[in-house]
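Encoded as structure tokens, the structure appears first; notes follow it.
The residues of the chain are indexed from 1 along the displayed sequence. None of these values were measured; they are calculated from a predicted model. Order of listing sets the numbers, starting from 1, for every ligand and every atom in it.
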Amino acid sequence: MTKQTIWITGANGRLGTELVKRLETNKDYKIIDTDKDVDITEIKEVEQMIDVYRPTIVINCASISDVNYCEEHMVEAFRVNALGARNLATSSRRMNAKIVQMSTDDIFEGHSLTGFTEFDTPNPKTVYGKSKLAGENFVRELNPKHLIIRSSWVYGASSEDYLRYVTEKGKNGEAFQVPADVFSSPTGVTQLADFIEKLMNLAEYGVYHASCEGSCSRFEFAQKILSLQGFDANLVQKKWTGEEGEIISTRLENLMMKMTGIYEMPDWQAALEQFLQNRIN
Ligand SMILES: NC(=O)c1ccc[n+]([C@@H]2O[C@H](COP(=O)([O-])OP(=O)(O)OC[C@H]3O[C@@H](n4cnc5c(N)ncnc54)[C@H](OP(=O)(O)O)[C@@H]3O)[C@@H](O)[C@H]2O)c1
């Protein structure tokens, strides 16, 4: 069997790191990992990578994903999240390669906990969400062999995620505030990477939502992280970001996953418990 050459961009980021670590162990893959050393906003750099390595799959994990930073650096956010995705889409198409574009629940926003399916119309409110949606659109239009995978609140891949932030607060016995009115689904990086690997090897294309089942607020997520590790759950305090009594939800419903039967995501609480147990043992 010939090896698949897989180019992973944003390989030093949270998801990229996990994907490289995981896929590198499979001898059927040859992994090419790049981060800012290959700037995806520079078409010449992207074209050169495609010509030299001739990947069969490009997984785009490169992103400016700090929501507040994106608000203040709109041009940079669109350059990386939209133009970068466009460059990868046109170049991968030229090589007849598949592109896997990572995206986010932030392309949606509503006030009900009914999840957004792949068939709902996006309505991003933030620069981050808008730039990620623009990236999706480029990929969809420019390479027919595309997979767009949207996920939410991914934890477990890095020292900089929400889980580590809350855990540090717990360890230090430090009180902190998080939104009680912002809802989505915490998603384990293990499950997300599992799904990406499975999907990329199938003759499947289009948009897939990939979040753990169920939903919670940032506040509930923090409480669970603290209590499962034996820390004082009262350290976390509620903060309100919107109108009183109103919730802001970006929760995704994995409808395509369910209809195709390709993968089954666990409940977010079970996945979190399992993740923390594995980490402690
Ligand atoms: N983490 C989550 O909770 C989450 C949830 C839903 C969807 N996603 C999506 O999943 C993907 C990966 O997210 P992540 O959390 O792993 O992001 P991340 O940790 O911010 O990683 C992105 C990586 O891309 C690099 N990068 C930035 N500009 C670049 C450029 N011009 N060329 C090449 N690389 C560049 C970043 O470098 P610097 O750090 O130096 O900027 C970083 O190493 C993104 O598409 C994101 O939208 C993430």
- Message: If the criterion is any heavy atom closer than 4.0 Å to an atom of ligand 1, which residues make the list?
- Response: Gly10, Asn12, Gly13, Arg14, Leu15, Asp35, Lys36, Val38, Asp39, Ile40, Thr41, Cys61, Ala62, Ser63, Ser65, Val80, Met102, Ser103, Thr104, Tyr128, Lys132, Ser151, Ser152, Trp153, Val154

- Under 3.5 Å, is there a donor-acceptor pair linking the side chains of Arg218 and Gln177? no

- Message: Looking at Phe219, I'd like to know if the NZ or CZ of Lys238 sits under 6.0 Å from its six-membered ring centre while staying within 45 degrees of the ring's axis.
- Response: yes

- Looking at the rings of Tyr155 and Tyr162, which for Trp means the six-membered one, are their centres under 6.0 Å apart? no

- Please lay out, stage by stage, how Asp106 and Thr250 fare under the test side chain to side chain donor-acceptor pair (under 3.5 Å). CA-CA 6 Å; Asp106 285 65; Thr250 56; 5.3 Å; no

- Message: Which heavy atom of Trp153 sits nearest to which heavy atom of Val182, and what is that distance?
- Response: CH2-O, 3.5 Å

- Message: Can you tell me how the ring of Phe116 sits relative to the ring of Phe108, calling it parallel under 30°, perpendicular over 60° and tilted otherwise?
- Response: parallel

